[in-house]
Amino acid sequence: FNIEPGEDEPVFYGIFDFGGGTMDFDFGIWRYSDEKQLKERRYDYVVEHFGAGGDQYLGGENLLELLAYEIFKANSDILLKNDKSVGFTFFKPEQCEKFDGSEALISNSQEAKRNTKYLMEILRPFVENLSISENGDIVPPVKEIFPYENKITVDLLDKNGKMQSGITLLLEDEKNNIHINMIKILEERIEKGISNFFQAFEQNFSAVKCTKWKSIAIFLAGNSSKSPIVKKLFNKYKSEWCAHMSGLTDDNFPIIYPPLGTPEADEIQIENGVDIDIDSITRANGKTGVAYGLLSGRTGSGILVKSQINSSSEVPFKYYVGRNERRKFKPVMLKGTMYNEWVMFTDAYYSDFEIYYSNLPEAESKNMPIAEVKKKKCILSETFEDENVAVFIRAVKPNIIEYAVANKDDIQNGSYLIEPQKVEFSS
């Protein structure tokens with residue numbers, strides 16, 4: 001895109017990489033090299049990477065799984081045993097919750113997984129051919145591409161592995177109280193990921209001290225970023241979220257760059273003086289752009305790529321840790337916290353307690369529903385009815401914490417009433 005920093009005016013960047021399987025984001029600065037630093041003298045520029053995160057359950061395929069699950073769920077009665085079959089099962093994606101009666105419908109069998117795949121393939125043209133109207137509304141595909149309106153017909157395997165043809169699944173049916181708004185489902189799930197991106201964006205931007213930014217750039221990447229829903233929501237959050245961020249002015253307000261290889265990206269590149277041949281195989285796109293970037297930043301080039309994340313021997317702590325407070329997640333330990341520093345967590349009056357955790361930036365907002373956070377159940381070997389005794393927690397590795405019971409005055413001295421116990425978190 002021909003984006004250049006100024007001599008004393010770095011460029012702050014954020015990358016939103018929304019692919020088929022995951023959504024990842026990354027933050028850093030693009031600046032002139034510093035002559036005062038010996039390691040930078042031989043370079044012209046520095047790309048300094050200092051923050052990353054993501055959502056492992058947000059990707060193009062995950063969205064298709066989500067839609068299929070919601071449709072199957074709404075049609076539970078149709079999928080149960082009837083005159084034509086012994087009933088059908090389907091697969092529950094990791095991101096979805098079980099529901100009443102799901103025991104007879106959810107399975108990890110080959111039949112269940114294939115049924116989910118069959119429905120996903122029918123839904124694929126819908127997800128991949130959405131458009132956006134002039135007033136900003138998301139518009140479904142034309143009937144030639146996606147011919148279904150109120151119901152879908154799909155071939156499914158029953159529990160005996162026998163293919164049953166023409167099973168009707170309802171999308172809209174007043175009598176059965178079925179109302180599947182697929183665009184709304186997609187928007188709500190994608191918005192959750194974009195909200196987390198902007199929360200991380202603000203956290204990382206605030207952590208970098210700079211009096212004058214030349215520009216602030218947000219780059220969209222990955223095939224799923226081409227969705228008009230992403231475009232709509234990014235424009236919304238750019239206006240609403242960034243409006244209150246200190247350090248942003250009309251001159252450096254974030255610019256959102258579309259995925260390389262799209263007509264929108266071609267237009268911006270040409271406007272910025274980049275000589276591109278749209279029909280050439282050497283034209284950068286979402287895949288080859290990564291390769292070109294790696295070549296530009298190779299050892300011996302004029303660009304030094306630095307990572308604050310890996311600049312020390314220790315990888316930062318990866319999670320927000322907290323407790324349930326009125327059905328919301330209340331963090332008491334933040335991502336990136338220092339290791340081996342004890343934090344008071346709860347009382348020691350009762351033997352059992354729960355530790356909640358998440359790696360999503362939304363967890364820092366104190367508005368994250370507790371149902372969306374993972375938890376670990378812990379049991380104390382002894383209880384203490386003493387107000388001066390509490391359960392403390394500390395981070396010891398990127399995905400491991402310890403809890404211990406101690407007197408408030410003794411914890412920092414390493415004197416424990418219950419020795420530290422390890423708890424490992426999983427993504």
Fill in: Smallest separation among heavy atoms of Gly222 and Pro259, with atom names
O-CG, 4.4 Å
Discussion item. Is the distance from the ring center of Phe201 to that of Phe12 below 6.0 Å?
Written reply: yes
Worksheet entry | Greater than 12 external heavy atoms within 6.0 Å of Asn413's CG | yes
Worksheet item: Looking at OH of Tyr319 and OG1 of Thr337, how far apart are the two atoms once the value is rounded to the nearest 0.5 Å?
Response: 15.0 Å
Discussion item. With a 4.0 Å cut-off on N to O distance, would you call Arg31 and Glu40 a salt bridge?
Written reply: yes
Worksheet item: What's the spacing between Ser102 OG and Glu97 CD if we round to 0.5 Å?
Response: 10.5 Å
Worksheet item: Aromatic ring centroids of Tyr320 and Tyr357 under 6.0 Å?
Response: no
Worksheet item: Using the ring of each side chain (for Trp, its six-membered ring), is Tyr148 parallel, tilted or perpendicular to Phe146, with breaks at 30° and 60°?
Response: perpendicular
Item to complete: Looking only at non-hydrogen atoms, find the nearest pair between Leu360 and Gly54 and report the distance.
Response: CD2-O, 3.2 Å
Worksheet item: Would a line drawn from the ring center of Tyr403 to the ring center of Phe392 be shorter than 6.0 Å?
Response: no
Worksheet item: Which heavy-atom pair separates Asn340 from Arg394 by the least distance, and what is that distance?
Response: CA-CD, 3.8 Å
Worksheet item: What are the two closest heavy atoms between Tyr237 and Glu191, and how far apart are they?
Response: OH-OE2, 3.0 Å
Worksheet item: Less than 4.0 Å between a side-chain N and a carboxylate O, is that true for Arg189 and Asp55?
Response: yes
Fill in: Heavy-atom closest pair, residues Lys232 and Gly136
CD-O, 3.4 Å
Worksheet entry | Ring centre gap for Phe16 and Phe234 strictly below 6.0 Å | yes
Practice prompt. Mind running side chain to side chain contact (heavy atoms under 4.5 Å, CB included) on Ile185 and Leu63 for me, showing each step along the way?
Written response: CA-CA 9 Å; Ile185 292 171; Leu63 291 174; over 6 Å; no
Worksheet item: In Å, rounded to the nearest 0.5 Å, how long is the span from CG of Asp44 to OH of Tyr32?
Response: 9.0 Å
Worksheet item: Taking atom NZ of Lys231 and atom OG of Ser131, what is their separation to the nearest 0.5 Å?
Response: 11.0 Å
Fill in: Residue from Phe205, Phe50, Tyr13, Phe197 passing ring pair (Phe, Tyr, Trp, His ring centres under 6.0 Å) with Phe27
Phe197
Discussion item. Using 0.5 Å steps for rounding, measure from the CD atom of Glu264 to the CG atom of Leu220.
Written reply: 10.5 Å
Worksheet entry | Tyr45, Trp213, Phe219 screened by ring pair (Phe, Tyr, Trp, His ring centres under 6.0 Å) with Trp30, the one that passes | Tyr45
Discussion item. So which atom in Glu424 and which in Lys376 form the shortest heavy-atom distance, rounded to 0.1 Å?
Written reply: O-CE, 2.9 Å
Discussion item. Checking Arg114 against Glu111 for the salt bridge (charged side-chain N to carboxylate O under 4.0 Å, His left out) test, could you report, in this order, the C-alpha distance in whole Å, the side-chain angles of both residues, the deciding distance, and whether it holds?
Written reply: CA-CA 5 Å; Arg114 287 173 66 182; Glu111 289 81 11; over 6 Å; no
Worksheet entry | Evaluation steps, salt bridge (charged side-chain N to carboxylate O under 4.0 Å, His left out), between Glu364 and Lys335 | CA-CA 9 Å; Glu364 193 172 343; Lys335 182 185 289 189; over 6 Å; no
Worksheet item: Do Lys151 and Glu172 sit within salt-bridge range, that is, some charged N less than 4.0 Å from a carboxylate O?
Response: no
Practice prompt. Report yes if some heavy atom in the side chain of Asp26 is under 4.5 Å from a heavy atom in the side chain of His49; otherwise report no.
Written response: yes
Worksheet, complete the sentence: dist Leu67:CG -> Ile183:CD1 (nearest 0.5 Å) comes out at 10.5 Å
Fill in: Note: Lys214-Glu9 ion pair, threshold 4.0 Å (strictly below)
no
Fill in: From CA spacing to verdict: side chain to side chain donor-acceptor pair (under 3.5 Å), Tyr339, Glu341
CA-CA 6 Å; Tyr339 290 122; Glu341 292 191 358; over 6 Å; no
Worksheet item: Is the shortest heavy-atom distance from the side chain of Pro141 to the side chain of Leu130 under 4.5 Å?
Response: yes
Fill in: Side-chain heavy atoms of Glu35 within contact of Arg41, under 4.5 Å
yes
Item to complete: Would you please test Glu65 and Lys117 for salt bridge (charged side-chain N to carboxylate O under 4.0 Å, His left out) and show each step?
Response: CA-CA 8 Å; Glu65 285 183 344; Lys117 286 291 185 184; 5.2 Å; no
